[in-house]
Amino acid sequence: MLPGCSQRGDQVGSNDPGRTAIASPDAQRKASPRRIDAPHLPNPIQVHPKVISGGLPDGEKAFEALQSLGVTTVISVDGMKPDVETAKKYGLRYIHLPHGYDGIPDERVKELAKAVRGFEGKIYIHCHHGKHRSPAAASVACVAAGLIPKSESLAILQLAGTSHHYRGLYESARVVTPLESALLDELSVDFPESVEVPPMAEAMVAMGHTHHHLKLIAEAGWRSPADHPDLSPAHQALLMREHFTELLRSEDVLKESDLFRQSLRESEQAAEALEDALRGWAATSPAADAPPPEAVRRHAAAISANCKACHRQFRDVPLSEK
C-alpha cells in the first residue's frame, strides 16, 4: 500500500456509492473481456460494460476519447500524479489508488471493488502502459464486486499482455473472491484525487519514463525519433544516469541491501558510459544511415538487464512472499 494523501476526494458515507442501485451482473456483462477501438488510449480492454482497463490518458485527445466512451470516473493505479485538471475539463472525476507490481493489498481490493460497484457511469482504470497493473486492478475489482465471475480473472491479464514475471499481479487475480455486499455497503472510503507516493517509488516512475524514451531512441537507430525530435539521445542517457545517482544518495536506498545498491551503481556506470558513447559518436558527424558503435548497444543492454534483474529480485516478489 502506498501511504499518504496530498489531496482528498469525497468522503464516502451517507452518499455511499456502494449503495447505488445497479443492474444485475448477468444483465450488464458480455461473455468475455475484449479489446476495444480507442486510438488515443493505450491497450484498452473492456473488462465489463462499465469498466475499461488501459494505459495513461495523455493529453486532450485521450480525455476526449474517455468522455466519448461514456467514462465519468478515472482510477489511476499508477505511481505518478494524475492529470486532475485536464480530467475536470472533460467532466471526469479522478481517483488515485496506486499499488505496486508485487500484487494488490486486500484493503486496496476492497476500495477498488467499492468504486466499480457503486459509481455511476463507466470507469476507466489505468496504469502507465495498461499492460500490467491496471488489468490486474480491473480484474480483482470486478470479481470482488461481483461484476464478473472469478473464472475470467486471469483471462483479463492474459488478454492485456500482462507479463508472467509479475507473479504478484497474477496471484492477486488468482486468489480474489467476491466480497459480501454488506461489507462493501458498510465500507467507508476516502477516494483521493491524488496521493503522495514514497520517494523511491516516485523516482522509479521518473526512471521508467526516461527508460521508455531511450527505447524510442534505440528504435530510431539511436537518433532523435521523427515524432519526438525533442528527445536528444545523449541527454536522455544523462537523465538516466542522474536518476541512479540521486537514488543512491537517498535515505531509502541507504537502508536497502548491499546487493540492491550495487545494482544501482552498475546501472549508473552503464548510463554514464552510454552517454559518453553517444556524445562521442555524434561528434564524428555520422551519416544518416550509419549504425551506432557497438558500445552504445552494449551499455544500453546492460541498463535494461540490470533493471530486469533488480525488478525480479526486489520489486516483483509477490506480497505473499514478503
Side-chain angles (χ1 to χ4, degrees), residues 1-2 33 35 42-45 47 53-56 76-80 97-106 108-109 112 125-141 143 150 152-176 197-198 200-216 218-219 240 243-244 247 252-253 256-257 259-264 266-267 270-271 297-322:
M1 182 82 65
L2 295 172
R35 294 188 179 277
N43 204 33
I45 304 291
V47 175
S53 166
L56 175 71
S76 171
V77 296
D78 188 53
M80 72 179 292
L97 300 174
H99 65 79
Y101 291 88
D102 52 0
I104 308 174
D106 290 343
R108 184 64 90 224
V109 172
L112 288 164
I125 301 177
H126 79 82
C127 55
H128 189 70
H129 297 293
K131 292 185 65 177
H132 310 299
R133 288 167 294 172
S134 63
S139 175
V140 301
V143 171
K150 180 179 172 62
E152 286 183 7
S153 62
L154 294 176
I156 293 164
L157 276 65
Q158 291 162 354
L159 179 62
T162 305
S163 170
H164 285 277
H165 291 304
Y166 301 130
R167 296 184 293 121
L169 297 180
Y170 274 93
E171 182 175 284
S172 292
R174 187 169 56 251
V175 303
V176 66
V197 299
M200 189 186 301
E202 189 173 17
M204 290 295 180
V205 169
M207 189 180 296
H209 290 315
T210 304
H211 191 257
H212 177 63
H213 290 161
L214 284 172
K215 287 175 66 177
L216 296 178
E219 290 169 0
M240 181 60 80
H243 289 317
F244 290 117
L247 265 179
D252 287 345
V253 169
E256 294 290 338
S257 68
L259 186 61
F260 181 75
R261 290 194 298 273
Q262 180 60 30
S263 178
L264 290 180
E266 290 174 357
S267 294
R297 289 188 287 266
R298 185 175 72 252
H299 296 314
I303 296 171
S304 294
N306 279 347
C307 287
K308 288 180 181 178
C310 187
H311 290 168
R312 282 196 299 270
Q313 187 160 4
F314 299 104
R315 187 191 69 174
D316 304 335
V317 178
L319 290 169
S320 62
E321 298 178 15
K322 292 183 175 179

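None of the values given here were measured: they were computed from a predicted structure.
- To the nearest 0.5 Å, atoms CD (Glu171) and OG (Ser320) are separated by 3.0 Å.
- For the residue pair Ala173 and Leu154, the shortest heavy atom distance occurs at CB-CD2, 3.9 Å.
- Here Ser172 contributes atom OG and Arg133 contributes atom CZ; the two are 13.0 Å apart, rounded to the nearest 0.5 Å.
- Judged as a ring pair (Phe, Tyr, Trp, His ring centres under 6.0 Å), and not counting sequence neighbours, the contacts of His209 are His128.
- Of the possible donor and acceptor atoms, none in the side chain of Lys215 sits under 3.5 Å from a partner among the backbone N and O of Thr210.
- Under the 3.5 Å distance criterion, the side-chain polar atoms of Arg108 are matched with a main-chain donor or acceptor of Pro98.
- For Asp102, the salt bridge (Lys or Arg N to Asp or Glu O under 4.0 Å) criterion is met by Lys322, not counting sequence neighbours.
- Between the side chain of Lys131 and the backbone N or O of Ser163 there is no donor-acceptor pair closer than 3.5 Å.
- With sequence neighbours left out, His243 forms a ring pair (Phe, Tyr, Trp, His ring centres under 6.0 Å) with no residue at all.
- With sequence neighbours excluded, the residues that form a ring pair (Phe, Tyr, Trp, His ring centres under 6.0 Å) with His212 are His129.
- Leu56 approaches Pro42 most closely through the heavy-atom pair O-CD, 3.6 Å.
- Of the inter-residue distances, the one linking Glu152 atom CD with Gln158 atom CD reads 11.5 Å to the nearest 0.5 angstrom.
- Applying the salt bridge (Lys or Arg N to Asp or Glu O under 4.0 Å) test to Arg297 and every residue at least two apart in sequence or in another chain returns nothing.
- Interatomic distance, CG of Leu259 versus CD of Gln313, reported as 5.0 Å (0.5 Å rounding).
- The side-chain contact (heavy atoms from CB on, under 4.5 Å) check on Glu266 picks up Gln262, Asn306, with sequence neighbours excluded.
- Taking OG from Ser263 and CD from Glu256, the interatomic distance works out to 11.5 Å, rounded to the nearest 0.5 Å.
- A search for side-chain contact (heavy atoms from CB on, under 4.5 Å) contacts involving Ala160 returns Asn43, Ile45, Pro135, Thr162, not counting sequence neighbours.
- Residue pairs that meet the salt bridge (charged side-chain N to carboxylate O under 4.0 Å, His left out) test with at least one member in residues 160-169, sequence neighbours left out, are Arg167-Glu321.
- Judged by distance alone, with hydrogens and angles left aside, the side-chain atoms of Ser304 form no donor-acceptor pair with the main-chain N or O of Ala301 at under 3.5 Å.
- Considering all non-hydrogen atoms of both residues, Ile303 and Ala270 come closest at CG1-CB, 3.7 Å.
- With hydrogens and angles left out, the side-chain atoms of Ser134 and Ser53 include a donor and acceptor closer than 3.5 Å.
- Nearest heavy atoms, Cys127 versus Asp78: CA-CB, 3.9 Å.
- Nearest heavy atoms, Val176 versus Val109: CG2-CG1, 4.3 Å.
- Residues meeting the salt bridge (Lys or Arg N to Asp or Glu O under 4.0 Å) test with Arg298, sequence neighbours left out: Glu294.
- In this view, Ala137 and Val77, His99, Ile104, Leu112, Ile125 satisfy the side-chain contact (heavy atoms from CB on, under 4.5 Å) rule, not counting sequence neighbours.
- In this structure, the side-chain contact (heavy atoms from CB on, under 4.5 Å) partners of Leu264, at least two apart in sequence or on a different chain, are Phe244, Leu247, Leu248, Val253, Phe260.
- Residue His311 qualifies as enclosed at atom NE2: its count of foreign heavy atoms under 6.0 Å is above 12.
- Remark: Tyr166 pairs with Tyr101, His132 by the ring pair (Phe, Tyr, Trp, His ring centres under 6.0 Å) rule, at least two apart or across chains.
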